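Since the model is a prediction, treat every value here as computed from it, not as a measurement. One-based numbering, in listed order, for ligands and for the atoms of each.
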Amino acid sequence: MKVVYRNCNLLDGTKNMKVKENVDILVEDNKIAKIGKVEEADKVVDLKGQYVIPGLINLHVHLPASGKVEKKPKDSKKLVKLITEHKAFNFLGIMLTKGNALTELKSGVTTLRSVGGVADFDSKVRDMINSGKIEGPRIFASNEALTVEHGHMEGTVARAYKTNKQFLEGLKERKAQNVDWIKIMITGGVLDCTVKGEPGEMRMTPEQVKCVCAEAHKLGFKVAAHVESPEGVKVAIENGVDTIEHGATMSKEVIETFKKKKGTIVATLSPAVPLAVIPEEESFLTDFGRYNSYVVMKNIIESAKQALVNGIKLGLGTDTGCPFTTQYNFYRELVWATNLLKISPRDALHLATLNNAEILGEEKHIGSIEVGKYADMVVLKENPLDNLNTIANPVMVIKDGKQVKNIKIKKDKYVEDHLNKLMDTDFEDDIKTYLATH
Ligand SMILES: [Zn+2]
């Protein structure tokens, strides 16, 4: 089957991409076969000068949760226990995972990396998508993250291990589940911090990190690690972590180690901004939770900027499932990247497409609109380099050469109303003032 998309204004995802005006894109089965003037095809879709970008790649997704804000958070541990321990309830977990993955796809995310899920639902849903049973994005799955007792996300999207021997058994179990990545939780986070001013308390020991990374690499996996403090970053990069999630301010020494080890930072601005900036009466955080959110926000911004200045690979992800971080707002991560990291919309779009594909090691197949790659494309009304917000409402999403049916998404009003107010400032003064006066 040959489909030609005519009259496209193409932004191909490459580093210094410029709009290629009025081109045709020929899709043969699931791949891009030609870009330029196309004479013949089985089907013609006239895009009438609308803009075409590569499918977006979200590097930090938790598939079980919605990101809605709850006044009284439900007992996630209890819920996960119920769903996983009783076979009859397994389908509930799978259903949630499927639904949230589909929402990502409808919002233009044609590829995602899951970095902490419930049981083995992520890889199961990935397999259903790959076999064509259900519609969804390309998934690179980690399944449950590995953590320690009382560690980050224990009992929800991570499982706790004590000894090195137990960690290695955990890795073997994930190998048997055929995961694509391993996720570990090195430090604590905003939602489980116990000390004011210290959101990223060390939880795993350097020795544990080293042991897990070495064995994961032997098994052929890369390791992503949740890290939210300068000490955590140091421990992660020195002991073999491949992608440091969230990040924190780095010393000169740590930056050098990063360069030597070719490490990557995946910034997640999407939960950092609202959890810090929105008053606790509306975010339902404790006041020191909010203070720590400011610390994390400052750290994430600083480490991402340090990465950019020092030529360290920087990826973007949203950390969906955190309050205010839904499965359909990846475009906001790009907007915040331009405002907070002071990069151009072009650079933000490149980070979220071909650059993120490179971090996955998948740049030969996805991330840009080039001949020979999978036809993962998003059609937009306006030029996103003039207005990134246009990505919020794609006209069409195409994955693997197939147009996604019915891309309308039911958005959460409370979340949207709050986030819409936060989209055009750099928060620099705000961060300084809050941390100085609380
Ligand atoms: Zn996360």
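In terms of the side chain to side chain donor-acceptor pair (under 3.5 Å) criterion, residue partners of Gln177 (sequence neighbours excluded) are, by chain and number, Asn143. For Lys413, the salt bridge (charged side-chain N to carboxylate O under 4.0 Å, His left out) partners at least two apart in sequence or on another chain are Asp417. Take Glu144 and apply the side chain to side chain donor-acceptor pair (under 3.5 Å) test, not counting sequence neighbours, and it matches Arg159.
Geometrically, Lys399 does not engage Tyr374 in a cation-pi contact, judged by NZ or CZ lying under 6.0 Å from the ring centre and within 45° of the ring axis.
The residues Glu302 and Lys305 are annotated as not salt-bridged, no charged nitrogen and carboxylate oxygen being separated by less than 4.0 angstrom.
Of the N and O atoms on the side chains of Glu207 and Asn239, not one donor lies less than 3.5 Å from an acceptor on the other residue.
Near the Zn ion (ligand 1), less than 2.8 Å away, sit the protein N, O or S atoms His60 NE2, His62 NE2, Asp319 OD1.
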